[in-house]
Novice: 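This is the structure I have questions about; it appears just below.
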Amino acid sequence: MTDLTELTAVQLVDGYRKGAFSPEEAVRAVLERAERIQPEVNAFVRLTGEEALEQARQAGERWRRGEPCGRLDGVPVTVKDILLTRGQPTLRGSRAVSPDGPWTEDAPSVARLREHGAVFVGKTTTPEYGWKGVTDSPLSGVTRNPHDPSRTAGGSSGGAAAAVSLGAGPLALGTDGGGSVRIPASFCGVFGLKPTYGRVPLYPASAFGTLAHVGPLARDAADAALMLDVVGAPDARDWSALGPAPGSYTEALSGGVRGLRVAYSPSLGGQVAVRPEVAGAVRRAVERLAELGAYVTETDPDFADPVDAFHTLWFSGAARVVQHLRAGQRELLDPGLREIVGAGARYSALDYLAAVDVRMELGRRMGLFHQSYDLLVTPTVPITAFEAGAEVPKGSGHRRWTGWTPFTYPFNLTQQPACSVPAGVDGDGLPVGVQIVAARHRDDLVLRAAHALYEAGAGTSARW
């Protein structure tokens, strides 16, 4: 008998259409899986079993009448506990946020999912206010890696990635301000996409400003494209959102990579020390792209590590996030968050504008780079998952999480679309991710290339 928790969203919709199984059966199986994994992995802040089953029953009735209400009718999804969800508290991983309502509004991406009939099975864990690249918080504890619970799931969308990896819903909504979709996708062996900034509207506006993106985590690129087709619609509440998408991302998947110009940068010009097993897995993915007809050149984008500018913008945003808290509430915060809040509060407006200048120059350089290359391919993260509950790997010498993820945050600064595709595992069985980046507004190329890898059997967290 088919294990419904192992099916993609595309396969679930196809099964509903054919009457092979019902949304009720699929959602019940996902909830049972979620309850089973929760004690060990801690992917969820809360599960919404009864509400989800009622939504599934309603979806089942629509499918039986041949009248589905949208493209995801009856498909189980999870929502990171950063995004507003009507009828459920959104605590943002913080003990300083009151669970008292009313919780009467959906974030734009959540609203679009609801309109298309998606079934909300739970809210997933996040570090406090999504501030770091791993997932643990004073509110909900440590989220662990599905492949080895002694290791981190990554973050800040760690609960979302762990849930997808373990079959607790094929689709998850995450957020990405410096790698927060791509890092856990890489560590957990799933697909994660940070779309072009503004492609998925965000409300309320993030204190981290235009670094903050909303994007899908999924089993594969086809599921992510389907989800982006749904959540990428405009919303009047986000003044910085883009207009309607130029076309269907699902329909664009079949274009393949033949003839695309791919720049392969193993270490950003020697700036990043990449673990050998990670480097090998990424190189094999690049070789597969070449076999599929892409023109691959080993070359590097021309920029120095923009981490200082990123810290100025990120830490300032963190200070703004908690500015409204009283002294007693601040004592409840994650100690690491309190540290960066202190740093952020000391920056001047001139410091902030100098960081914006760095960002603009980086964007200029990448804009010119993509005149010569359609895609840039790098490792997603230069390491695999390390010990759970730590911000940085033991003995690494890094002070902050940005020290071990230098491939991700530059493309938040530039607002480019970027994804992480599973590219195999290391000697400990821990997943490796390959990052694919395109010019702004070319989300279709990122998804096409990722889909080509999946079609070729390369998008996997198993050894090739």
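Counting begins at 1 with the first residue of the sequence. In what follows, every heavy atom counts, from backbone to side chain, and hydrogens, waters and symmetry copies are set aside.
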Novice: Look only at the side chain of Thr152 and the backbone of Phe386, and say whether a donor-acceptor pair between them is shorter than 3.5 Å.
Specialist: no

Novice: Just wondering, more than 12 heavy atoms not from Arg65 lying within 6.0 Å of its CZ?
Specialist: yes

Novice: Do you know which of Val13, Leu113, Thr250 makes side-chain contact (heavy atoms from CB on, under 4.5 Å) with Arg71?
Specialist: Thr250

Novice: Give the intermediate values and the outcome of salt bridge (charged side-chain N to carboxylate O under 4.0 Å, His left out) for residues Arg114 and Asp106.
Specialist: CA-CA 9 Å; Arg114 197 183 298 278; Asp106 283 329; 2.7 Å; yes

Novice: Step through the shown structure and confirm whether more than 12 heavy atoms of other residues, nucleotides or ligands are within 6.0 Å of CD on Glu40.
Specialist: no

Novice: Check the angle between the aromatic planes of Trp404 and Phe187 and answer parallel, tilted or perpendicular using the 30° and 60° thresholds.
Specialist: parallel

Novice: Start with the C-alpha distance between Thr126 and Asp81, add both sets of side-chain angles, then the distance that settles side-chain hydrogen bond (donor to acceptor under 3.5 Å, both in side chains), and finish with yes or no.
Specialist: CA-CA 6 Å; Thr126 175; Asp81 199 36; over 6 Å; no

Novice: Would you give the length of the straight line joining atom CG of Asp220 to atom CZ of Phe191, rounded to the nearest 0.5 angstrom?
Specialist: 8.5 Å

Novice: Does atom CD (Glu54) have a neighbourhood of more than 12 heavy atoms from anything else shown, all under 6.0 Å?
Specialist: yes

Novice: Where the side chain of Asn42 meets the backbone of Ser140, is there a donor-acceptor pair that is under 3.5 Å apart?
Specialist: yes

Novice: Decide if atom CZ of Arg320 counts as having more than 12 heavy atoms of other residues, nucleotides or ligands within a radius under 6.0 Å.
Specialist: no

Novice: Are the side chain of Ser157 and the backbone N or O of Thr175 linked by a donor-acceptor pair below 3.5 Å?
Specialist: yes

Novice: Less than 4.0 Å between a side-chain N and a carboxylate O, is that true for Arg448 and Asp374?
Specialist: no

Novice: Would you check, one step at a time, whether the test side-chain hydrogen bond (donor to acceptor under 3.5 Å, both in side chains) holds for Gln55 with Glu51?
Specialist: CA-CA 6 Å; Gln55 291 170 13; Glu51 297 95 324; over 6 Å; no

Novice: Given His116, which of Val230, Asp73, Leu226 fulfils the side-chain contact (heavy atoms from CB on, under 4.5 Å) condition?
Specialist: Val230

Novice: Please check if the side chain of Ser165 supplies one atom and the backbone of Cys188 the other of a donor-acceptor pair under 3.5 Å.
Specialist: yes

Novice: Could you check whether any side-chain N or O of Ser22 sits under 3.5 Å from a backbone N or O of Glu25, counting only pairs where one atom can act as donor and the other as acceptor?
Specialist: yes

Novice: CD of Gln38 to CG of Leu166: how many Å apart, nearest 0.5 Å?
Specialist: 10.5 Å

Novice: When rounded to the nearest 0.5 angstrom, what distance separates NZ in Lys194 from NE2 in His213?
Specialist: 3.5 Å

Novice: Might you work through the side-chain hydrogen bond (donor to acceptor under 3.5 Å, both in side chains) test for Gln88 and Arg46, ending with a clear yes or no?
Specialist: CA-CA 9 Å; Gln88 299 178 35; Arg46 73 186 59 82; 4.6 Å; no

Novice: Looking at Leu333 and Pro138, what are the two nearest heavy atoms and their distance?
Specialist: C-CG, 4.2 Å

Novice: Looking only at heavy atoms, which two atoms of Val421 and Cys419 are closest? And how far apart?
Specialist: CG2-SG, 3.8 Å

Novice: Counting neighbours of CZ on Arg28 that are heavy atoms of other residues, nucleotides or ligands and sit closer than 6.0 Å, is the number greater than 12?
Specialist: no

Novice: Taking Glu391 for its side chain and Gly336 for its backbone only, find out whether a donor-acceptor pair lies under 3.5 Å.
Specialist: no

Novice: When you measure from the side chain of Asp238 to the backbone N and O of Leu202, does any donor-acceptor pair fall under 3.5 Å?
Specialist: yes

Novice: Applying salt bridge (charged side-chain N to carboxylate O under 4.0 Å, His left out), run through Arg338 and Glu128 and close with a yes or a no.
Specialist: CA-CA 11 Å; Arg338 286 204 304 271; Glu128 198 160 21; over 6 Å; no

Novice: Atom CZ of Phe21 and atom CG of Leu7: how far apart are they, to the nearest 0.5 Å?
Specialist: 5.0 Å

Novice: Carefully, step by step, assess Thr143 and Thr135 under the rule side-chain hydrogen bond (donor to acceptor under 3.5 Å, both in side chains).
Specialist: CA-CA 6 Å; Thr143 297; Thr135 301; 5.3 Å; no

Novice: Is the backbone N or O of Thr5 less than 3.5 Å from a side-chain atom of Arg33, with the two atoms forming a donor-acceptor pair by type?
Specialist: no

Novice: For the side chain of Arg359 and the backbone of Asn412, is there at least one donor-acceptor N/O pair under 3.5 Å apart?
Specialist: yes

Novice: Ignoring hydrogens and geometry, is there a side-chain-to-backbone donor-acceptor pair from Thr124 to Gly159 under 3.5 Å?
Specialist: no

